[in-house]
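In what follows, a single structure is set out as structure tokens and then discussed.
For this chain, numbers begin at 1 and follow the sequence in order.
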Amino acid sequence: VYLDVSGSMNAEMPLVITLLQRLRGYVRRPLWAFSDVVAPARIQDGKLLANTTGGTSMACVLEHLAVNCPPTALVVTDGYIEALAPAQVAATAGTRLHIIVTRDGHAALVQRAGLPFTQLSRLPS
């Protein structure tokens with residue numbers, strides 16, 4: 001699991017952390033946080049702890065996947081990513097990748113990159 005830790009994810013992160021804590025028996029460790037770099041992350045006392053740089057770069061996630069070749073990967077982001085070259089996406093062909101775009105996120109950029117995604121719906125009031 002790769003978690004976007006850019007500032008625009010601050011409102012969503014408590015919900016994501018709660019969900020991950022409930023699913024902890026099904027999620028392989030380490031978790032990964034990404035901004036402009038990918039870094040190991042862990043949840044402690046309901047908070048995500050990771051050393052990252054700020055910003056958002058999906059390219060660093062794709063590179064991490066290409067180097068490490070996990071069989072599956074899930075990315076949670078608000079979708080505000082840079083333009084990606086087809087070769088960057090193709091380099092992850094050995095990984096079954098899916099992107100979760102947050103409810104207020106921007107799925108068009110993820111879709112334009114050709115990445116499989118699901119956008120979350122708004123929470124009921």
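In terms of modelled atom types and a separation under 3.5 Å, the side chain of T92 and the main chain of A66 share no donor-acceptor contact. Remark: side-chain polar atoms of Q119 are not paired, donor with acceptor, to backbone N or O of I100 under 3.5 angstrom.
Rounding to the nearest 0.5 Å places OG1 of T72 at 7.0 Å from CZ of R28. To the nearest 0.5 Å, the span separating CD1 on I99 from CG on L97 amounts to 4.0 Å.
Minimum interatomic distance between A41 and L48 (heavy atoms only, all atoms of both residues): CB-CD1, 3.8 Å. Nearest heavy-atom pair, P70 versus T95, reported as atom, atom and distance to 0.1 Å: O-OG1, 2.7 Å. Scanning all heavy atoms of the two residues, the minimum distance from A107 to F117 falls at CB-CE1, 3.5 Å. What you find for V5 and A33 is that their closest heavy atoms are CG1-CB, 3.8 Å. Nearest heavy-atom pair, A39 versus T52, reported as atom, atom and distance to 0.1 Å: CB-CG2, 4.1 Å.
Within a 6.0 Å radius of CZ in R29, more than 12 heavy atoms belonging to other residues, nucleotides or ligands are found. Surrounding CG of N51 are at most 12 heavy atoms belonging to other residues, nucleotides or ligands under 6.0 Å away. E63 CD: 12 or fewer foreign heavy atoms inside a 6.0 Å radius.
With hydrogens and angles left out, the side-chain atoms of D78 and S8 include a donor and acceptor closer than 3.5 Å. For the residue pair S6 / D4, a side-chain donor-acceptor distance below 3.5 Å is found, with atom types taken as modelled.
Looking only at side-chain heavy atoms (C-beta outward), S57 and E82 come within less than 4.5 Å of each other. Residues L3 and V1 form a side-chain contact, since some pair of their non-hydrogen atoms from C-beta on lies under 4.5 Å apart. Looking at heavy atoms from C-beta onward, R24 lies out of side-chain contact with L20 at the 4.5 angstrom threshold.
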After noting the C-alpha distance and the side-chain angles of L109 and L84, does the key distance pass the side chain to side chain contact (heavy atoms under 4.5 Å, CB included) rule? CA-CA 9 Å; L109 297 171; L84 299 168; over 6 Å; no
Give the intermediate values and the outcome of side chain to side chain contact (heavy atoms under 4.5 Å, CB included) for residues V101 and T118. CA-CA 6 Å; V101 178; T118 301; over 6 Å; no
For a side chain to side chain contact (heavy atoms under 4.5 Å, CB included) check, start with the C-alpha distance between I43 and L49, then their side-chain angles and the critical distance, and finish with the verdict. CA-CA 6 Å; I43 297 171; L49 304 177; over 6 Å; no
Walk me through whether R103 and S121 qualify under side chain to side chain contact (heavy atoms under 4.5 Å, CB included). CA-CA 5 Å; R103 58 193 169 161; S121 58; over 6 Å; no
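Exactly one of L65, L74, T77, V76 qualifies for a side-chain contact (heavy atoms from CB on, under 4.5 Å) with Y2. That residue is L65.
Clustering ILVMFWY residues whenever any of their side-chain heavy atoms sit less than 4.5 angstrom apart, transitively, puts I17 in the very cluster that holds L31. Taking hydrophobic clusters as Ile, Leu, Val, Met, Phe, Trp and Tyr residues chained together by side-chain heavy-atom distances below 4.5 Å, M9 shares a cluster with L120. A single hydrophobic cluster is not seen to contain both V67 and M58; linkage of ILVMFWY side chains at heavy-atom distances under 4.5 Å, directly or through other members, places them apart.
Ring centroid separation for the pair H64 and F34 does not come in under the 6.0 Å cut-off.
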